[in-house]
Amino acid sequence: MTSAPVIWWIRRDLRLDDNAALNAAIASRRAIIPLFIRDALVDNIGAAAKIRLEEGLKALSRSLRARGSKLILRHGDAESVLLDLAKKSGAGMVVWSRLYLPDTIERDRGVKAAVQAAGLTARSYAGHVLFEPWTVQTGQGDHYKVYTPFWKAVRSRDVVLPDSAPDRLPAPEHWPDSDTLSQWNLAAAMNRGAGVVQKHIAAGEAAAYERLATFLDDRLNEYGIHRDRLDRDATSGMSDYLSLGEISPARLWHAARRHVEEGCKGAETYLKELVWRDFAYHLAYHTPRLLTDNWREEWSDFAWQEDQRLQAVKAWKQGRTGVDVVDAAMRELYVTGRMHNRARMIVASFLTKNLGFHWKIGMDWFGDCLIDWDPASNALGWQWVAGSGPDAAPYFRIFNPQTQAEKFDPDGKYRARWLAKNHSDPSDDALAFYDAIPRSWNLSVDDDPPDPLVDLKKSRTDALDRYERFRNG
DNA sequence: TGCTTATTCGA
DNA sequence: CGAATAAGC
């Protein structure tokens, strides 16, 4: 290859399959320099997400090597890194997959302008979502604010059929310098046993497809029935792969659509869940305050609990609320970096309703602990539960954790798995929590089980009273 | 993608 | 008298 190389700027598309930016680079018949930049936006992600990113980068790096290529790592301001690398490598073009959150849009706009001003070609491509936010509109030309009409608007749409991964990526004559992952030490952000979370991660495209195949073969048919069960492995498990783009939503869409056509019962339900992710991006794009503030602006008057009860927040984070299903879920989060979707709703309702704390407190904790961290989905989820978001229920919904546990963990298996209490022989997972926590928490497996932080009945009526006061101004 | 209370149903 | 159902939040 003698012509100027093209830089494939990798951000949240750690995949070779179905990657329009990569395919454009290949179509250009130039040498490709795969580049990941650790910039301020990367530095800002949570501790668990950083560990997950490190594992994802390792997997991508291996996969690139197997195809005669190499992952180049650089840190610093994206614009300067790109311009510097382009200059030193003689690259004439930069390609990337588009992202849709305000901070990434702002960064990418600046980068595109700077790259073009330097005389290079900059091209961006779709792929992180199924439907780019500006492509879904109501009859009035507005954006959708309620899920069901959004779903109806997109359910029959065509999604471009994914391209498969290239066998080889043309390499440049000289590889530019690269940082190393050990230099970056992304795990250092975690002030606790990173190894515990790491053990639960299976990063990379190959792992994603393995999990997907199992899901499609063994679980999709019953997905509609079992997906809410805390005590079963009945969910897709695709969220962390989607978060880093190790699998494309289009790939999942087509897999599920094929199963719908084959009469698979749960496939439609799964498609709906996949489209919720798009809906979240869509709303975050059109109303960015979704990510940081109450989507319903009148909620700024809501009387959240004040700081004097922060002990309760601490207990929530540490899985010591004394409400078993809540504590089990919070420990699952801390140990694995994941939490069952149904459990996310239960703990969110408990924090925002029973304890009365602002949803942002919970969202920030999720941001620090989740390996599948996705700002749009999380903001939508937390605001949906709190009641401050779009598509809210016409009533003030308060989950009863006890009822939820009986419905979705009828034999108590989920609770027993994550809680050591009342068991002479606690599970490995329950014990792992004590390896994962920082010493400063000062907790021991021999501690007495905590008393319930609040009475469920009273905290419910208190929450309803707060809501009534808010509604009546 | 809920919960509670009141009411009806059916043994 | 417990289970199913309906209404209202």
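Convention: sequence-line order gives letters A, B, ...; per-chain numbering from 1.
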d(CZ, Arg471(A); P, dG8(C)) in whole Å: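 From Arg471(A) CZ to dG8(C) P: 15 Å.
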If I take atom NZ in residue Lys353(A) and atom P in nucleotide dC9(C), what distance separates them, rounded to the nearest angstrom?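 Answer to the nearest Å: 17 Å.
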Salt bridge (charged side-chain N to carboxylate O under 4.0 Å, His left out) against [X], all qualifying residues, sequence neighbours excluded:
{"X": "Asp163(A)", "result": "none"}
{"X": "Lys58(A)", "result": "Glu55(A)"}
{"X": "Glu54(A)", "result": "none"}
{"X": "Arg466(A)", "result": "none"}

Just jot down the side-chain contact (heavy atoms from CB on, under 4.5 Å) partners of Arg232(A), sequence neighbours excluded, or say none.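 By the side-chain contact (heavy atoms from CB on, under 4.5 Å) rule, Arg232(A) matches His226(A), Arg229(A), Ala234(A).
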Got a list of protein N/O to nucleotides 1-4 of chain B N/O distances below 3.5 Å?
{"from": "dT1(B)", "atom 1": "O4", "to": "Trp276(A)", "atom 2": "NE1", "distance (Å)": "2.9"}
{"from": "dG2(B)", "atom 1": "O3'", "to": "Gln404(A)", "atom 2": "NE2", "distance (Å)": "3.4"}
{"from": "dG2(B)", "atom 1": "N7", "to": "Tyr395(A)", "atom 2": "OH", "distance (Å)": "2.7"}
{"from": "dC3(B)", "atom 1": "OP1", "to": "Asn400(A)", "atom 2": "N", "distance (Å)": "3.0"}
{"from": "dC3(B)", "atom 1": "OP1", "to": "Gln404(A)", "atom 2": "NE2", "distance (Å)": "3.3"}
{"from": "dT4(B)", "atom 1": "OP1", "to": "Asn400(A)", "atom 2": "ND2", "distance (Å)": "3.1"}

